[in-house]
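Per chain, numbering begins at 1; letters A, B, ... match sequence-line order. Computed from heavy atoms alone, side chains included, the values below leave out hydrogens, waters and symmetry copies.
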There are 2 protein chains.
Amino acid sequence: MTTTKDKRAVSARPLPLNQILAGDCIEIMNSLPEGSVDLIFADPPYNLQLKGDLHRPDNSKVDAVDDHWDQFSNFAVYDKFTRDWLAAARRLLKPNGAIWVIGSYHNIFRVGAELQNQGYWIMNDVIWRKSNPMPNFRGKRLTNAHETMIWASKSEDSKYTFNYEALKSLNEGVQMRSDWVIPICNGGERLKDAQGDKAHPTQKPEALLHRVLVGTTNPGDVVLDPFFGTGTTGAVAKMLGRDFIGIEREEAYREVAEKRLSRIRKFDSEAIATIKPKRAEPRVPFGQVIERGMLRPGEELYSIGNRHKAKVRADGSLIGNDVKGSIHQVGAALEGAPSCNGWTYWHYRREGKMIPIDILRQQIRAEMEVDETRPH
Amino acid sequence: MTTTKDKRAVSARPLPLNQILAGDCIEIMNSLPEGSVDLIFADPPYNLQLKGDLHRPDNSKVDAVDDHWDQFSNFAVYDKFTRDWLAAARRLLKPNGAIWVIGSYHNIFRVGAELQNQGYWIMNDVIWRKSNPMPNFRGKRLTNAHETMIWASKSEDSKYTFNYEALKSLNEGVQMRSDWVIPICNGGERLKDAQGDKAHPTQKPEALLHRVLVGTTNPGDVVLDPFFGTGTTGAVAKMLGRDFIGIEREEAYREVAEKRLSRIRKFDSEAIATIKPKRAEPRVPFGQVIERGMLRPGEELYSIGNRHKAKVRADGSLIGNDVKGSIHQVGAALEGAPSCNGWTYWHYRREGKMIPIDILRQQIRAEMEVDETRPH
DNA sequence: CTCGGCTCTGAATCGCTAC
DNA sequence: GGTAGCGATTCAGAGCCGA
């Protein structure tokens, strides 16, 4: 949807394309020509506010994000920083340009509110659901298994770029949703320094940027990343035939990114089309049967052969003959067996008939299947 | 984790429990006794940018010439509303109380920022991932397939309630994540009015509230919902043996909710009880193991992996490799770890087998239970 | 070669209680 | 109220090693 109007808005002064600029992103953005960029992808500091050390149950220490660039003395300081870089970014965008910002609950609400205050127009918030997040080691909170991205255009009137069909195709023919299941960046993709340690604490997976750039830019567009880090945005932009501008303050990150980019080759278009996303697996915990009201807490289940019974509890556990635990554990205990498939072992009664609870799981799975495959 | 301190904070003035109060939620909350509520679940108007009116305590109307200005003025009104109801809610919470707020990208960033500004402390943002969302018919954006909930305690110091084991149990033994897959409310659960139309535009599924209440309240807790609507919060609270207070301005919704609640029955107490954490079990000093002759002074203990050993002393301390102290201290010292659970770390030998000393603690605990139940 | 077991690690606002 | 000490707590995936 990029228009000729946007193209004319480009200043006569040449843009420093496909380079990494060294320095403070606000100053550098303010030095670049107004209205010259199609898309901004920004991964600003999250302002994590970590306190002491954290250890895993095996006593190993978690290598936390304690870098100086993530330290802000209070919300006011962080808010000013956010206000300034978002304003500089907005000035740089073409009238039909758009921005993506990624963050966690520590900062994303402040970023989102400021985006709205400045007149950006939010199209979607998008959830990156991590298939392999770090667990909560102390059992004090829910596993923090996602990050939030906000996708917004420069203004309400912007004719933003949205490649609906491309995303649908990436999603096996089904309309792309606002929650994306993508693994965290590790293995061979994760960049290491000379000592073999991770080169950057928060390197983003290329799969994430792939989806962002395929969905909301066109070949030849200019993509700017003001917090370039190790250059995932630049790498994916280069593969996909987009131009990038990176800004990064830390020399160590710039060096890693330069080296990375030098090895990247642009895909041919066929290769791009064949990349498929990883899909979520339909594991169904028994608790969902309770939450959805398919069985009520207090209801009784009966074993195969009707020799044992147990009562369902609100947390999805069973209690029967003084044994408490999962449907599998209680089944195994009552049978004196080392293991038991609770789904086929337990039955509930409806109109005098005994029905295996696995039927309920199948119903839930069917709903999930319909949802994942039905063309809208 | 609710403490007696919270219980004492309850005012002498009786709370209007298990009722729906009619009127403006801010006024009503301000009329209730301070520090009297364990949990608040709030589903405030998402509003914004939609033409329909929200509370507009009104500003003089400016001719909408400048979009940006107009937008700001709308946000300002919404922000004031948010500030006021969140402040009233915070006053009502016990020191260890907590709040859940649900919203979409239209309002959640403003709500989240204001929560932080007021001193609430965010534990998680939780994604309700809808398994059956409404598709985006025009193909101009991603399918908006989720809503965002924020879970926050009254302050950073709050000892908030988190039933880790119950949620883990609901998820079949795996730690609960911050993304919850739950279908939208439809079918038989969706309340209809006399004409057969949906009674409320945004009725939340009971499954969502089930998980919230099982995870972050205890039986007997007071749960307040300032935007009660058709009363999903009250319905699930009643089923789970929690007390509720509902506030709702619209008479039509109150009527539907009253009728709904009158049909709800509480689950039996045994079903409501959930798996308890080990922390809740009585503490057993290691010295008791010696006193009871389960281990003899001079006997040797062996570490996990058999790399270290230590000798038991008569006072219940260990000595190994010149280190003396508790089972925990010696374990930590020998491993060079910051801490160590001596109960699971140390093993004793019986008939050639290595047995963790935790077995002995479990025996003592079992005896204590018998003691407690026997008439004195 | 495969397979199984062991190790390592990832944007983390990650105690409680008794003295 | 401050502090010392007990003792609870993890999931997925990649890589490596030995059988």
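With no hydrogens or angles considered, no side-chain donor-acceptor pair links A:Glu114 and A:Thr82 at under 3.5 Å. Side-chain polar atoms of B:Ser158 and B:Trp121 form no donor-acceptor pair below 3.5 angstrom. Under the 3.5 Å distance criterion, with hydrogens and angles disregarded, a donor-acceptor pair is assigned to the side chains of A:Glu147 and A:Tyr46. Residues A:Arg56 and A:Ser60 have side chains that bring a donor and an acceptor to within less than 3.5 angstrom of each other. B:Tyr348 and B:Glu300 form no side-chain donor-acceptor contact under 3.5 Å, judged by distance and modelled atom types alone.
Checked against a 6.0 Å centroid threshold, the rings of A:Trp69 and A:Phe227 do not count as neighbours. The aromatic ring centres of A:Trp128 and A:Trp180 sit 6.0 Å or more apart. In this structure, the ring of A:Tyr253 has its center less than 6.0 angstrom from the ring center of A:His200.
Remark: B:Arg283 is in phosphate contact with D:dG7, judged by side-chain N or O atoms under 4.0 Å from OP1 or OP2. For D:dG5, the OP1/OP2 oxygens have no side-chain nitrogen or oxygen of B:His328 closer than 4.0 Å. One finds no side-chain N or O of A:Ser131 lying less than 4.0 angstrom from the OP1 or OP2 phosphate oxygen of D:dA12. The side chain of B:Tyr345 places no N or O atom within less than 4.0 Å of a non-bridging phosphate oxygen (OP1 or OP2) of D:dA8. Between C:dT13 and A:Asn144, a contact under 4.0 Å exists linking OP1 or OP2 to a side-chain N or O. Regarding contacts with the backbone of D:dC11, every side-chain N or O of A:Lys130 stays at 4.0 angstrom or more from both OP1 and OP2. Side-chain nitrogen and oxygen atoms of A:Arg138 include none within less than 4.0 Å of the OP1 or OP2 phosphate oxygen of D:dA8.
Across all strands, A:Lys51 comes closer than 4.0 Å to no nucleic acid atom at all (heavy-atom distances). Counting any heavy atom pair closer than 4.0 Å across all strands shown, B:Arg361 reaches sugar-phosphate atoms only and no base atom.
Between B:Glu335 and B:Arg307 there is a salt bridge, since a side-chain N of the basic residue sits under 4.0 Å from a carboxylate O of the acidic one. At a threshold of 4.0 Å, the pair A:Glu206-A:Arg211 does not count as salt-bridged, since none of the basic side-chain nitrogens sits closer than that to a carboxylate oxygen.
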So what is the 5' to 3' dot-bracket string for DNA chain C, if pairs are Watson-Crick or G-U wobble with both distances under 3.5 Å, crossing pairs use [ ] and | means the partner sits on another strand?
.|||||||||....|||||
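Per the geometry, CG belonging to A:Asn59 stands 11 Å off C1' belonging to D:dA8, to the nearest Å. In this structure, B:Glu281 places its CD atom 13 Å from C1' of D:dG7, rounding to the nearest Å. At whole-Å resolution of the value, CG in A:Asn136 and P in C:dG15 are 8 Å apart.
Taking 3.5 Å as the limit, the base of C:dA11 and the side chain of A:Lys204 contain a donor-acceptor pair of atoms between them. Interface remark: the A:Arg141 side chain does form a donor-acceptor pair with the C:dT13 base, using a distance-only criterion of under 3.5 Å. Between the base of C:dA12 and the side chain of A:Ser104 there is no donor-acceptor pair shorter than 3.5 Å.
Separating the P atom of D:dG7 from that of C:dC14 is a span of 23 Å, rounded to the nearest Å. With P as the reference atom, D:dT10 and C:dG15 are 13 Å apart, rounded to whole Å. Spacing of P atoms, C:dA18 relative to D:dA8, comes out at 14 Å, to the nearest Å.
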Polar atom pairs (N or O), protein with nucleotides 8-10 of chain C, under 3.5 Å:
from   : atom 1 : to       : atom 2 : distance (Å)
C:dG10 : OP2    : A:Lys198 : NZ     : 2.8
C:dG10 : O5'    : A:Lys198 : NZ     : 3.3
C:dG10 : N7     : A:Arg56  : NH2    : 2.5
C:dG10 : O6     : A:Arg56  : NE     : 3.1
C:dG10 : N2     : A:Pro133 : O      : 3.1

Distances under 3.5 Å only, N/O to N/O: pair up the protein atoms with those of nucleotides 1-4 of chain D.
none

What verdict does the salt bridge (Lys or Arg N to Asp or Glu O under 4.0 Å) test give for B:Lys94 and B:Asp38, after you've listed the backbone C-alpha separation in whole Å, the side-chain angles of each residue and the deciding distance to 0.1 Å?
CA-CA 6 Å; B:Lys94 296 180 186 176; B:Asp38 294 291; 3.0 Å; yes
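In C:dT13 the O4'-C1'-N dihedral to the base is within 90° of 0, which defines a syn nucleotide.
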